[in-house]
Every structure is written in C-alpha cells, then in structure tokens.
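All remarks here apply to the structure that follows.
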Amino acid sequence: MKRLFRILKWGLLALLGIVGMLLIINAVWFWRASSRLNVKMGALRAAGEPTSLADLAPPPIPAEQNAETYLLRAETDVQAIVAQVNAADEASPLAEQTAFLDGRPSASLLAEMRAAFAAHPEAVPLLIQAANCPDYIPQIDFHNDPDPFVEDPFGRIRGARNVFHVLGFRVMVQLAEGQASEAFETCLAMFRLARFYDRNPAIVGELICLAQRGYAITHTAAVLGAGPLPHAAHVAVEEELGRQNLVAGARAALVSERACVLQAFADMATGPRRLPFRLTGWFVSN
C-alpha cells in the first residue's frame, strides 16, 4: 500500500512538473510571438495601414450622398420582388427554369416580374438612385467585434444578391419590351453598384462584389447581343469597365481582413473573449 501511495505521489509530482514546464514554454512562446507581432503592427501603423476595426471606419458623409441610404430603403421591396419571382420560377416546368437561368424567361415569368415591379414600384428607382450616388459607406459598426466582418457569409451576400437579381429581372423585362437602351442603362447601374460593394470590408465583402460583377457582365452581354446600340453606349461601357479596379478591390479586402484578424487576436489576448493562460501566443505565432 505504501508503495502504491509512493508511486501515485511521484506520478502526481511528475504531472505537475510537466504542466509547469508547459506553462513556462507557453509564456516564453507568448512573449516571443507578442514581440514579433508588436514589431509588425508598429511597422503597419507607421505605413498608415489599418490594424483594427476602428481604423477601417470611413469618414461620415451626408445620408443623401450615400448609396446605402437608398439600398436600405429598397431592401424590403427588393426582398419581396425576389421572393415572388423565385416562387413563380420554382413552380414552372424544368425547361422554363433552365431557360430562365440562361436569361430567357418564359412569358409567364415575364408576367410575374412585371407584376412584382407593379406591386413594388419604388424598388427599382431607389436602386438606380443608389447607383447614381457619389459615394457609398456600408451600414457596419466598425467599433463592434470582428465576427460580423469575417463570419457573415449570408447577411450581406443575400442583400447584395437580391439587389442584382432585381436589376437583372428589370433587364430581362426591358429586353422583352424592346427597350435595349434602357436595359443597357440598368446594366451600367449594376456595374456602379458593384464598384460600391468593393467598399465592404473583409474577404467576404470582396466575394460579394466579384459575384455580382459577374452577374452584371452576363446581363450586359445579353443586351449587347440583342442588337446594335449607339456608339455612345459602347463608349460608356468601356469607361465603366475601366473604373472596375479588381486589383485595388482585392488589396483592400486583404488589408481589411488583416485588420479584422488582428482585432480578433487582440480580443483573445486582452478583450472580452480573453483566453486563459495566455494561449494566444500559440495563435499569434502561427
């Protein structure tokens, strides 16, 4: 019995010794990682790069100049239009659903889109007004925790997708009614909104923008293929495409993503979600 007690005693001491050494190793690792991170963050700040969510906050602008003002006003109607058209699409035969995906809506779906627009007449004018705004600041709390920036793959994506779906429906209706020039103007509005969505922070924001820009390209190709347009229209689309700076958008997304991650690490180190035993050293070092 004494021998068993002695074995348990030394085993417990050995276990405590191992735990103590691990805590010491973690403390050293945390100190080294924190030192490296502080050096890199100092260099980023010196270069004027954002290192926190607050650094991403843009200067305020008047509400009437902000495209987000009109996008928010149109949000409920936009959702209703998309829901109505999608319900009609899902109830239609498979061949009509496939044609609709290719931008060739059936007569019944065109009628449903016209009915949806008639039921919500303010939606498209508000979206066009948003596209014509001089600036865009998303309605995001830059002084909140970083989770909504990094983990919101549905909220902002769904809102942006609905906006472009409604404008796409409008292009289809306009083409069906022989209004090619008007449909082309709607496509230009889609491109302008895509540029605005470049302002959404983090990689998820850029993914939204890339997806919707592709949607705008598809509808513009359909309009250009529907028949000849005035030379001014071709000039206008070339100028608008020249404003689509994908490299700048991707860089801004990565820079803002880095700021979100640094903010998350800061929260784990000293913020409300602080981890025990300074485990953040393992995260930072990796």
Side-chain angles (χ1 to χ4, degrees), residues 67-131 138-139 148 151-194 196-197 200 204-227 229:
E68 182 80 328
T69 300
Y70 308 102
L71 292 173
L72 290 175
R73 290 179 186 173
E75 186 174 18
T76 301
D77 286 342
V78 164
Q79 291 176 354
I81 291 172
V82 171
Q84 181 175 341
V85 175
N86 283 350
D89 178 40
E90 292 171 2
S92 62
L94 181 59
E96 291 187 11
Q97 294 183 32
T98 302
F100 184 50
L101 288 175
D102 292 336
R104 297 178 289 106
S106 63
S108 60
L109 282 176
L110 281 171
E112 197 67 45
M113 285 187 275
R114 291 188 182 99
F117 288 135
H120 306 278
E122 295 183 0
V124 171
L126 283 171
L127 296 183
I128 300 301
Q129 192 171 3
Q139 190 185 45
E151 300 176 1
D152 180 22
F154 299 113
R156 280 179 285 156
I157 286 178
R158 186 184 297 111
R161 184 181 59 193
N162 286 343
V163 165
F164 279 77
H165 276 320
V166 167
L167 292 176
F169 298 159
R170 185 60 179 152
V171 170
M172 294 183 208
V173 170
Q174 288 171 324
L175 284 179
E177 295 175 351
Q179 301 174 359
S181 295
E182 291 80 355
F184 181 78
E185 291 298 326
T186 304
C187 291
L188 290 181
M190 295 170 75
F191 278 115
R192 289 194 292 270
L193 287 174
F196 283 151
Y197 280 118
N200 284 296
V204 66
E206 183 62 13
L207 292 177
I208 296 171
C209 185
L210 290 175
Q212 309 318 320
R213 185 177 278 115
Y215 202 62
I217 290 171
T218 299
H219 284 288
T220 303
V223 174
L224 293 174
L229 290 171

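This chain uses plain numbering: 1 for the first residue, then up along the sequence.
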* Which is it for Val163 and Tyr197 under the side-chain contact (heavy atoms from CB on, under 4.5 Å) test, yes or no, and what are the steps along the way? -> CA-CA 11 Å; Val163 165; Tyr197 280 118; 3.9 Å; yes

[X] [atom1] to [Y] [atom2] distance, which is reported to the nearest 0.5 Å:
X	Y	atom1	atom2	answer
Asn162	Ile81	CG	CD1	10.0 Å
Met172	Met113	CE	CE	5.5 Å
Phe184	Leu224	CZ	CG	6.0 Å

* How would you list, by chain and number, every residue that makes a side chain to side chain contact (heavy atoms under 4.5 Å, CB included) with Ala74, sequence neighbours excluded? ->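 Side chain to side chain contact (heavy atoms under 4.5 Å, CB included) check on Ala74 returns Val78, Leu126, Leu127.
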
Give me each pair satisfying salt bridge (charged side-chain N to carboxylate O under 4.0 Å, His left out) with a member in [range], each pair once, sequence neighbours excluded.
range	value
residues 170-180	Arg114-Glu177
residues 119-130	none
residues 67-94	none
residues 180-192	none

Could you report the tightest heavy-atom contact between [X] and [Y], atom names first, then the distance?
X	Y	value
Ala226	Leu175	CB-CD2, 4.0 Å
Tyr70	Ala130	CB-CB, 3.9 Å
Val171	Ala183	CG2-O, 3.9 Å
Val82	Phe169	CA-CE1, 4.2 Å

* To do: Under the side-chain hydrogen bond (donor to acceptor under 3.5 Å, both in side chains) rule, collect the residues that match up with Gln174, sequence neighbours excluded.
  =>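 So Gln174 forms a side-chain hydrogen bond (donor to acceptor under 3.5 Å, both in side chains) with Thr186.
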
* To do: Mind checking side-chain hydrogen bond (donor to acceptor under 3.5 Å, both in side chains) for Tyr215 and listing every partner two or more places apart, or none if nothing turns up?
  =>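 So Tyr215 forms a side-chain hydrogen bond (donor to acceptor under 3.5 Å, both in side chains) with His165.
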
* To do: Take Gln84 and Glu112, measure what side-chain contact (heavy atoms from CB on, under 4.5 Å) needs, and give me the verdict at the end.
  => CA-CA 8 Å; Gln84 181 175 341; Glu112 197 67 45; 2.9 Å; yes

* To do: Report the C-alpha separation of Cys209 and Asn200 in whole Å, then their side-chain angles, then the decisive distance to 0.1 Å, and conclude whether the side-chain contact (heavy atoms from CB on, under 4.5 Å) test is met.
  => CA-CA 8 Å; Cys209 185; Asn200 284 296; over 6 Å; no

* Hey, does Leu71 have a side-chain heavy atom less than 4.5 Å from the side chain of Phe196? ->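 A side-chain contact under 4.5 Å is absent here.
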
Can you give the donor-acceptor pairs under 3.5 Å from side chains of residues 98-111 to other protein atoms, not counting sequence neighbours?
unit_1	atom_1	unit_2	atom_2	d
Thr98	OG1	Leu94	O	3.1
Asp102	OD2	Arg104	NH2	3.4
Ser106	OG	Glu96	OE1	3.1
Ser106	OG	Ser108	OG	3.0
Ser106	OG	Leu109	N	3.3

* Might you work through the side-chain contact (heavy atoms from CB on, under 4.5 Å) test for Phe117 and Val166, ending with a clear yes or no? => CA-CA 9 Å; Phe117 288 135; Val166 167; 3.9 Å; yes

* Identify, with sequence neighbours excluded, every residue that meets salt bridge (charged side-chain N to carboxylate O under 4.0 Å, His left out) alongside Arg213. =>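 For Arg213, the residues satisfying salt bridge (charged side-chain N to carboxylate O under 4.0 Å, His left out) (neighbours in sequence not counted) are Asp198.
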
* Determine yes or no for a side-chain-to-main-chain donor-acceptor pair under 3.5 angstrom, with Gln97 supplying the side chain and Ser92 the backbone. =>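 Yes, because the side chain of Gln97 sits within donor-acceptor range (under 3.5 Å) of the backbone of Ser92.
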
